[in-house]
**Q** 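Okay, here's the structure, questions in a sec.
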2 protein chains.
Amino acid sequence: MDATAPQSPAGLRTTPSWLLNQVATHAGRLISAGFATHDLRGYHYRLLAALTESGPASQADLGRRCGIDRSDVVAAVNDLAGRGLVVRAPDPDDRRRNVISLTEAGADEAHRMADTVVRVQDDLLAPLTSAERDQLTRLLTRLLEHHGGH
Amino acid sequence: MDATAPQSPAGLRTTPSWLLNQVATHAGRLISAGFATHDLRGYHYRLLAALTESGPASQADLGRRCGIDRSDVVAAVNDLAGRGLVVRAPDPDDRRRNVISLTEAGADEAHRMADTVVRVQDDLLAPLTSAERDQLTRLLTRLLEHHGGH
DNA sequence: CACCAACGTTGGTGAAGCCAACGTTTCGAA
DNA sequence: TTCGAAACGTTGGCTTCACCAACGTTGGTG
């Protein structure tokens with residue numbers, strides 16, 4: 001009946017995977033809110049970012065680079081193509097493939113979304129010093145790399 | 001700028017919220033796999049943990065403590081009650097409420113799941129020293145607390 | 001040539017997180 | 001004391017993200 005916000009059970013609150021999940025969930029909310037102003041979602045941004053960095057690619061390649069399933073790439077590319085942010089063209093050298101390329105509008109949108117992402121990072125990491133942010137990034141990177149070659 | 005990116009785009013790979021998401025996703029897979037051996041999922045564990053720590057509570061209370069929506073608590077409690085891990089009884093003092101209590105079997109299962117969670121943490125944090133694990137926990141805790149009072 | 005691998009596509013599954021609405025019950029204020 | 005607001009449990013639905021199986025088409029190799 002007291003109930004003045006004793007949040008999660010203590011056993012969870014000190015569990016790294018729980019902390020990870022909570023912080024990632026919060027980050028996801030911030031990111032989602034940011035992307036919503038572009039009327040796009042996470043999958044779309046990942047694809048745009050990959051295209052911006054590495055240029056045109058097949059859908060399967062994009063999926064591998066972004067960690068998105070082939071079937072999910074289809075839907076996301078449909079969305080992006082429907083908005084004219086991306087062009088889907090058959091690959092003349094391999095007729096199994098579609099080559100996905102950024103349009104000018106797509107490149108612009110990618111830039112704007114990248115700006116949004118930067119803003120969100122600052123929001124998310126506000127309580128940490130620059131050194132602490134680096135430390136967090138390094139620790140997470142090491143974890144990711146260790147489990148990366150699964 | 002270019003950077004030959006075999007894996008994820010470099011712009012993402014250095015973005016904290018992306019790293020957070022990736023590591024949390026991996027942690028989630030490990031946790032899910034662990035819970036699968038108990039034939040239960042995350043929501044169930046959270047509820048059992050809360051009940052273990054703080055004793056019987058109403059569904060709404062449990063939801064608030066675990067960060068689970070009221071409607072989702074209903075389904076999870078249904079599952080737990082169906083397995084005899086938990087008992088749902090009307091609160092005589094407030095007929096709007098159900099009081100949820102752990103059964104003996106439920107307390108046992110909670111312990112076993114907690115053991116599973118500990119094992120998963122070790123797996124997840126394998127590449128980090130004890131000091132680094134503490135550091136990670138501290139950084140994540142600070143982020144969570146900073147964003148906690150939303 | 002036959003076979004297998006890769007590709008794009010369709011359709012479906014599941015966990016997790018949310019929100020809206022309803023009937024019941026309780027509580028506080030007019 | 002009556003009336004309205006609030007809390008509760010419940011149903012049903014929605015969205016994002018992550019997977020998986022299957023199919024027909026196309027490419028490369030034995």
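Proteins get letters first, then strands, A, B, ... in listed order; numbering begins at 1 in each.
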**Q** Can you check side-chain contact (heavy atoms from CB on, under 4.5 Å) on A:His44 and A:Leu85, steps first, answer last?
**A** CA-CA 10 Å; A:His44 300 130; A:Leu85 302 179; over 6 Å; no
**Q** Just to be sure I understand the rule, does B:Gly42 reach a base, reach only the sugar-phosphate, or reach nothing, if contact means heavy atoms closer than 4.0 Å?
**A**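 Sugar-phosphate only.
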**Q** If I take atom CD1 in residue B:Ile31 and atom C1' in nucleotide C:dG14, what distance separates them, rounded to the nearest angstrom?
**A**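 The distance from CD1 of B:Ile31 to C1' of C:dG14 comes to 18 Å, rounded to the nearest Å.
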**Q** Quickly work out the B:Leu62 CG to D:dA7 C1' distance and round it to whole Å.
**A**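 Answer to the nearest Å: 15 Å.
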**Q** From CD1 of A:Ile68 over to P of D:dT16, roughly how many Å is that when rounded to an integer?
**A**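 After rounding, the gap between these two atoms is 14 Å.
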**Q** Could you say whether A:Ser32 or A:Asp91 is positioned toward the 5' end of DNA chain D, judged by the nucleotide with the nearest heavy atom to each?
**A**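 Nearer the 5' end of the strand: A:Ser32.
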**Q** Round to the nearest Å and state the distance from B:Leu47 atom CG to C:dA16 atom C1'.
**A**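 It works out to 13 Å between those atoms.
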**Q** Any strand is fair game: report the nucleotide pairing with C:dT26 by Watson-Crick or G-U wobble, both distances under 3.5 Å, or none.
**A**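 Check on C:dT26: paired to D:dA5, both distances under 3.5 Å.
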**Q** Holding to side-chain hydrogen bond (donor to acceptor under 3.5 Å, both in side chains), I want the full list of residues that pass it with B:Thr137, two or more places apart in sequence or in another chain.
**A**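 Expected list: none.
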**Q** Residues in side-chain hydrogen bond (donor to acceptor under 3.5 Å, both in side chains) with B:Arg96, at least two apart?
**A**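 B:Arg96: side-chain hydrogen bond (donor to acceptor under 3.5 Å, both in side chains) contacts with B:Asp94.
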**Q** Separation of B:His26 atom NE2 from D:dA18 atom C1', in whole Å?
**A**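 In whole Å, D:dA18 C1' lies 14 Å from B:His26 NE2.
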**Q** Please name all residues satisfying ring-ring contact (aromatic ring centres under 6.0 Å, His included) with A:Tyr43, sequence neighbours left out, ordered by chain then number.
**A**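 Residues passing ring-ring contact (aromatic ring centres under 6.0 Å, His included) with A:Tyr43: none at all.
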**Q** Does anything in residues 67-83 of chain A form a salt bridge (charged side-chain N to carboxylate O under 4.0 Å, His left out)? List the pairs, not counting sequence neighbours.
**A**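 Residue pairs with at least one partner in residues 67-83 of chain A: A:Asp39-A:Arg83, A:Arg41-A:Asp79.
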**Q** Send over the distance from A:Asn21 CG to D:dC17 C1', rounded to a whole Å.
**A**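 In whole Å, D:dC17 C1' lies 13 Å from A:Asn21 CG.
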**Q** Encode nucleotides 4-13 of chain C as B, S and - characters from 5' to 3', where the letter depends on protein heavy atoms closer than 4.0 Å: B to the base, S only to sugar-phosphate, - to neither.
**A** -BBSBBBB--
**Q** Under the salt bridge (charged side-chain N to carboxylate O under 4.0 Å, His left out) definition, can you give me all pairs with a residue in residues 117-130 of chain A, not counting sequence neighbours?
**A**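 Listed by first then second residue: A:Asp122-A:Arg133.
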